[in-house]
Student: 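This is the structure I have questions about; it appears just below.
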Amino acid sequence: LVGQTLEAHLYEHTLQLYRGTQLVVTHPRAQSRGERFTRLEHYPQEKALYLERTPEVCQERAQQIGVSCHLLVFCLLAQSPADHLRAVQSLVGLESRVGREHLEAACARALHYGDPHYRRVKAILAAGLESAPLVEEEEAAPTPPRAYAHARRPEEFFGSEAPSC
């Protein structure tokens, strides 16, 4: 009904919208400040899908995808659900584009390397690394020798009162 002229009738507990003499919709009216009523059928389809994908729905879909995906979604939502919900929705939405197996493998890879974020999973999928073998933690490389050396001993700087190192 965007762009159309409607007539609004406000009552104590309801709001009715009319187009001419035809009743278009009836909404409950908010009774307190900050209270809102949402009817998803009045939203565009993509916006309604976003609002329907609550954290619980996303966790359920992630569990259907696989253990790694479910764990990654759990990690994101445990930090801050409001901040990470959009990323989680996008993450579970990747299943329709790349498939369940590829998404699960990418999530497992991101978790293995300690970077459980949507951007990392998406980058893994874009690079085609989800099926590459995981590399175990390598042994710490020996520290390279220093390129400089002290030419003088501490006694030469401080005399006989050189600090013990």
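The basis for the numbers below is simple: all heavy atoms, side chains too, and nothing from hydrogens, waters or symmetry mates.
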Student: Closest heavy-atom contact between R100 and I65?
Tutor: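 It is CG-O, 3.4 Å.
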Student: Check whether V88 and L111 end up in the same hydrophobic cluster, where Ile, Leu, Val, Met, Phe, Trp and Tyr are linked by side-chain heavy atoms less than 4.5 Å apart.
Tutor: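 Linked within one cluster.
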Student: Name all pairs fulfilling the side-chain hydrogen bond (donor to acceptor under 3.5 Å, both in side chains) condition that reach into residues 64-73, sequence neighbours left out, sorted by first residue then second.
Tutor: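 For residues 64-73, and leaving out neighbouring residues, the side-chain hydrogen bond (donor to acceptor under 3.5 Å, both in side chains) pairs sorted by first residue read S68-E104.
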Student: Please confirm whether the backbone N or O of V121 pairs with a side-chain atom of E130, one donor and one acceptor, at under 3.5 Å?
Tutor: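 No, E130 side chain to V121 backbone: no donor-acceptor pair under 3.5 Å.
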Student: Please name the pair of heavy atoms, one in H9 and one in E7, separated by the smallest distance, quoted to 0.1 Å.
Tutor: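 Nearest pair, atom of H9 first, then E7: NE2-OE2, 2.8 Å.
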Student: Say whether V73 and V67 are linked into one hydrophobic cluster, either directly or through other cluster members, by side-chain heavy-atom distances under 4.5 angstrom.
Tutor: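 The answer is no; the residues belong to distinct hydrophobic clusters.
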Student: At what distance, to the nearest 0.5 angstrom, does CD of Q89 lie from CG of L94?
Tutor: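 Interatomic distance, Q89 CD to L94 CG, rounded to 0.5 Å: 12.5 Å.
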Student: Is a side-chain N or O of S96 found less than 3.5 angstrom from the main chain of G93, in a donor-acceptor match?
Tutor: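 At least one qualifying donor-acceptor pair exists.
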Student: Measuring from atom CD of E56 to atom CG of L77, what distance do you get when rounded to the nearest 0.5 angstrom?
Tutor: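 Rounded to the nearest 0.5 Å, the CD-CG separation comes to 8.5 Å.
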Student: Is the backbone of Y11 close enough, under 3.5 Å, to the side chain of R29 for a donor and an acceptor to pair up by distance?
Tutor: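 Pair found, side chain donor or acceptor close to backbone of Y11.
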Student: Going by heavy atoms in the side chains, are P28 and T14 under 4.5 Å from each other?
Tutor: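 The answer is no; the side chains never approach within 4.5 Å.
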Student: Please round to the nearest 0.5 Å and tell me the distance separating atom CG of L17 and atom OG1 of T26.
Tutor: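 The distance works out to 8.0 Å.
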Student: Considering all heavy atoms of both residues, which atom of L23 and which atom of Q16 are nearest to each other, and what is their separation?
Tutor: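 Heavy atoms only, the tightest pair is CD1-CB, 3.8 Å.
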Student: Would you give the length of the straight line joining atom SG of C69 to atom CZ of R61, rounded to the nearest 0.5 angstrom?
Tutor: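 C69 SG to R61 CZ: 9.0 Å, rounded to 0.5 Å.
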Student: I need the C58 SG to L76 CG distance, nearest 0.5 Å.
Tutor: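 Answer rounded to 0.5 Å: 10.5 Å.
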Student: May I ask you to decide if the ring planes of H84 and H117 are parallel, tilted or perpendicular, using 30° and 60° as cut-offs?
Tutor: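 The rings of H84 and H117 sit tilted, inter-plane angle from 30° to 60°.
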Student: Drop me the distance from L72's CG to R109's CZ, to the nearest 0.5 angstrom.
Tutor: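 Between L72 CG and R109 CZ, I get 14.0 Å after rounding to 0.5 Å.
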Student: Can you name the nearest heavy-atom pair linking L15 to A8, along with the distance?
Tutor: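 For L15 and A8, the tightest heavy-atom pair comes out as CD1-CB, 4.0 Å.
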Student: Would a distance-only check, ignoring hydrogens and angles, find a side-chain to backbone donor-acceptor pair under 3.5 Å from Q63 to Q59?
Tutor: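 Between the backbone of Q59 and the side chain of Q63 there is no qualifying donor-acceptor contact (under 3.5 Å).
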Student: Quick check: closest heavy atoms across A110 and I124, and the distance to 0.1 Å?
Tutor: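 For A110 versus I124, the nearest heavy atoms are N-CD1, 3.8 Å.
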